[in-house]
Amino acid sequence: MGNQIDILIEWAKQKKRWPLLLMLAIPLALFPFSQNYYELSFKDTFCCWFFWVSNGLIFFLSGTLYWAVSYQELCRLWVCIPLTFFGIVLILGGLWQLTPLPLPEDKLFVAIARFTPVSSVAKEEADNIAHRIKQELCEKQREGAPLEIRGLLTQVDGLDEQARHRSAILLCKSRKGNAHIILWGEVRKDEKELYVEPHFTVARQMQNARIEERNLKNYTNYEPEHIDFKKRLSNEIADIVTLVYGLAYYKTGRWDQAIQILDHVQSNEGYLYKGLCLHNRAEQSVNPQKDLQAAIEIYEKILGPDPLNLTLQSDLLTWTAYTNRANVIVALSLFAQPKESLAQLKYAVNVYRIAIQVVYTLAKLPQYYAMTQTNLGYALFDLGFRSGGEEGNKFLREGVAAYRAALQVYKRKELPYDWAITKTNLGYALSTLGFRLEGEEGNKSLREAVKACRAALIVNTRVRQPQQWAKTKNSLGYALGNLGSRLEGEEGNKLLREAVEAYKAGCQVCTREALPQYWAMTQNNLGYVLYELGFRVRGDKGMRYLNESLTCLNNASSILDEINYQEQHKQILASKSKVLRLIDSLCASKPRTFRP
């Protein structure tokens, strides 16, 4: 073998023609190889990156080798340098084709490759399906969806699924595709059957939102006519593309952008997430009723005219919409008149209990069971908070039991954040129950509340979970304030001061601008604790506590009046009257100094 190579090199030195032979022979062989492997047209093969790079390497190697074997300076100057330079240009040009152009962040760019016909008679159907999907996405674009659609003449090929996936990513990243995601697939047609296997591949991520891969289902049609089938298929795929784009913003908490995109999704899953976005946006709004009512209407698109007419056979998405609708009703109950509010809360409690008994059982769906128990606990707490006497205490005890049932699933090691949130809610419910109960029973409940909140703060740190940390601080302040108001002397005052610190820490994160409703409630609670301290501590220090209490109550009143929280607003006005009366009585008792 070594002798043959030596003979070949010696012949090349004598004839000085082998670089020319390589330049003619190998590119001629690479052209049909590139055309067949990538299934390109004659024209597209000349623009193929592989054809450019491979030929560039041949030219570059021919030039460098010719330089090594040639002893004539003139040949080196006029042959070697141009060949090497031209090879470098071809290599850079091919690599440039692989370099994607930057994409704007305000749109999702979608490339649609030609679907690959698996059978010989499926070519027309494959082209037609890709065209229909493009038409549906373009229609959404015309309706206002922030999409940019690119139809490609190239199909995705490969020997196996992984190879085709890599080929799809490469095509999507090329300057020809230049998109975030690419749709591709295979089509098979027999005498009576049309089988479509579509694929959704993410090639490039957006900077501010992450697009997740989605496995698309396979479609089969046995009817003699395929028009309705292809229309349904293209509608569903276009909805999934738009849905995935909306979910990218939903998961980052950018509700406005997510709702704008999900407005163009006509599927139950799209309705479900739009309802969630509206509910979440309402929590951050000064006037949430409009979004909450819109969320109710969206969920009823899934549930139909009779939301209670659900059976065990209803799918999980429908049951999720059923319980989410109850969550919105609980939120709307804050704005209703007392009787209507209690009726709404009792309806929500009934929904949660039906869901737990019928579908979300601990054995079959433990995560859904725990989540629904948490929602049940919140509704029962709200019901107990608004109800008086022993009936209200009964609801509060049931709420505590619901939170503890959720903690059977939410373990600190396996699900630390869910565990901490539920511990916070449990602490708040125990605080309210302890506030109502007298004697040592009430004190015991309040101490359990303090313990639960402090345990939650081990997980909910300000760095990792700032908003949950602030809410846990608020729950801790509520428990400490109620317990401190029961205890006399320095022990009670110390707990009240700790409550003030907890409330003020929470307000640093849950600000008026970010969460106006929650901030107002915290200001109300802070005002109560400061009033208690002002009542206990006499002199100028006590007066400062009372003035600060009045400021907090005014802050809460301004927000709750604006968002029409009627019952809470009445309570704050009553608290303000108490503070003002105490301030007036303290001012009246001060000795006056008369000047001549």
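The pair Arg454-Glu498 counts as a salt bridge, with a side-chain nitrogen and a carboxylate oxygen less than 4.0 angstrom apart. Between Lys301 and Glu297 there is no salt bridge, since no side-chain N of the basic residue sits under 4.0 Å from a carboxylate O of the acidic one. Salt bridge annotation for Asp540-Arg544: absent, with no cationic side-chain nitrogen under 4.0 angstrom from a carboxylate oxygen.
A distance of 11.0 Å separates OG in Ser475 from CG in Leu480, rounded to the nearest 0.5 Å. Atom CZ of Arg386 sits about 15.5 Å away from atom NZ of Lys339, to the nearest 0.5 Å. With rounding to the nearest 0.5 Å, the separation of CG in Leu108 from CD in Gln141 is 11.0 Å. The distance from atom OG1 of Thr323 to atom CZ of Arg325, rounded to the nearest 0.5 Å, is 11.5 Å. The line from CZ of Phe395 to CD of Glu391 is 4.5 Å long, rounded to the nearest 0.5 Å. Summarising the geometry, atom CD1 belonging to Ile421 is positioned 6.5 Å from atom CD belonging to Gln465; distances are rounded to the nearest 0.5 Å.
Using a 4.5 Å heavy-atom threshold, the side chains of Leu103 and Glu148 count as separate. Residues Asp382 and Leu334 are in side-chain contact: their nearest non-hydrogen atoms beyond the backbone lie under 4.5 Å apart. Between Tyr528 and Cys552, the closest side-chain pair of non-hydrogen atoms is not below 4.5 Å. Side-chain contact check for Ile211 versus His180: some heavy-atom pair is nearer than 4.5 Å. At a threshold of 4.5 Å between non-hydrogen side-chain atoms, the residues Asn555 and Trp519 count as touching. Taking 4.5 Å as the limit, every side-chain heavy atom of Val330 sits out of range of all side-chain heavy atoms of Asn375.
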Review point. Should Leu476 and Val450 be marked as a side chain to side chain contact (heavy atoms under 4.5 Å, CB included) after you check the CA-CA gap, both sets of side-chain angles, and the distance that decides it?
Key: CA-CA 6 Å; Leu476 177 61; Val450 171; 4.0 Å; yes
Review point. Can you check side chain to side chain donor-acceptor pair (under 3.5 Å) on Thr318 and Asp315, steps first, answer last?
Key: CA-CA 5 Å; Thr318 305; Asp315 59 26; 2.4 Å; yes
Exercise for review: Start with the C-alpha distance between Asn474 and Tyr518, add both sets of side-chain angles, then the distance that settles side chain to side chain contact (heavy atoms under 4.5 Å, CB included), and finish with yes or no.
Suggested key: CA-CA 10 Å; Asn474 184 41; Tyr518 201 85; 3.3 Å; yes
Review point. Should Asn327 and Asn324 be marked as a side chain to side chain contact (heavy atoms under 4.5 Å, CB included) after you check the CA-CA gap, both sets of side-chain angles, and the distance that decides it?
Key: CA-CA 5 Å; Asn327 297 343; Asn324 285 357; 3.6 Å; yes
Exercise for review: List the steps and the verdict of side chain to side chain donor-acceptor pair (under 3.5 Å) for Tyr369 and Gln373.
Suggested key: CA-CA 6 Å; Tyr369 169 85; Gln373 286 283 10; 3.2 Å; yes
Check your understanding: Step by step, would you call Tyr322 with Ile354 a side chain to side chain contact (heavy atoms under 4.5 Å, CB included)?
Key -> CA-CA 10 Å; Tyr322 183 51; Ile354 290 172; 4.0 Å; yes
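Listed for the Asn524 side chain is no donor-acceptor partner under 3.5 Å among the backbone atoms of Ala520. Checking side-chain atoms of Asn547 against main-chain N and O of Met543 turns up a donor-acceptor pair under 3.5 Å. Side chain of Glu213 to main chain of Val202: a donor-acceptor pair is present (N/O by atom type, distance under 3.5 Å, no hydrogens or angles). Without hydrogens or angle criteria, Ser445 side chain to Leu430 main chain gives a donor-acceptor distance under 3.5 Å.
Annotation for Phe435: atom CZ does not count as buried by contact number, only 12 or fewer foreign heavy atoms lying within 6.0 Å. Annotation for Gln207: atom CD does not count as buried by contact number, only 12 or fewer foreign heavy atoms lying within 6.0 Å. Counting non-hydrogen atoms of other residues, nucleotides and ligands closer than 6.0 Å to CZ of Arg232 gives a total above 12.
Of all heavy-atom pairs spanning Leu243 and Gly270, the tightest one is CD1-CA, 3.8 Å. When every heavy atom of Asn482 is checked against every heavy atom of Ser485, the shortest pair comes out as O-OG, 2.8 Å. In this structure, Tyr299 and Gly275 approach most closely via the heavy-atom pair OH-C, 3.2 Å. The heavy-atom pair separating Ala499 from Gly481 by the smallest distance is CB-N, 3.6 Å. The nearest pair of heavy atoms linking Pro288 to Ala282 is CB-O, 3.1 Å. The minimum heavy-atom distance between Gly506 and Ala470, with the atom names listed, is O-CB, 3.5 Å.
The side chain to side chain contact (heavy atoms under 4.5 Å, CB included) search around Ser234 returns Arg132, Ile133, Glu136, not counting sequence neighbours. A search for side-chain hydrogen bond (donor to acceptor under 3.5 Å, both in side chains) contacts involving Glu340 returns nothing, not counting sequence neighbours. Here Asn460 pairs with Thr472 under the side-chain hydrogen bond (donor to acceptor under 3.5 Å, both in side chains) rule; sequence neighbours left out. Among residues two or more places apart in sequence or in another chain, the side-chain hydrogen bond (donor to acceptor under 3.5 Å, both in side chains) test is passed with Lys444 by none. For Asn268, the side-chain hydrogen bond (donor to acceptor under 3.5 Å, both in side chains) criterion is met by no residue, not counting sequence neighbours. Take Thr461 and apply the side chain to side chain contact (heavy atoms under 4.5 Å, CB included) test, not counting sequence neighbours, and it matches Val463, Arg464. Residues that satisfy the side chain to side chain contact (heavy atoms under 4.5 Å, CB included) test with Glu390, not counting sequence neighbours, are Asn393, Arg397. Partners of Glu501 by side chain to side chain contact (heavy atoms under 4.5 Å, CB included), not counting sequence neighbours: none found.
Test Trp319, Tyr360, Tyr352 against Tyr368 for ring-ring contact (aromatic ring centres under 6.0 Å, His included) and you get one pass: Tyr360. Of the residues listed (Tyr428, Tyr503, Phe385), the one engaging Tyr478 in a ring-ring contact (aromatic ring centres under 6.0 Å, His included) is Tyr428, and it is the only one.
For residues 238-257, every residue pair satisfying the side-chain hydrogen bond (donor to acceptor under 3.5 Å, both in side chains) rule, not counting sequence neighbours, is listed here: Lys140-Asp239, Glu212-Lys251, Asp256-Arg281. Residue pairs meeting the salt bridge (charged side-chain N to carboxylate O under 4.0 Å, His left out) criterion with at least one member in residues 473-487: none, sequence neighbours excluded. Within the structure, ring-ring contact (aromatic ring centres under 6.0 Å, His included) contacts touching residues 451-470 (residues at least two apart or in different chains) do not occur.
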Identify each donor-acceptor pair in which a side-chain atom of residues 402-416 lies under 3.5 Å from a protein atom, sequence neighbours left out, and give them as a table.
from, atom 1, to, atom 2, distance (Å)
Tyr403, OH, Tyr378, N, 3.2
Arg404, NH2, Glu448, OE1, 3.2
Tyr410, OH, Met371, N, 3.4

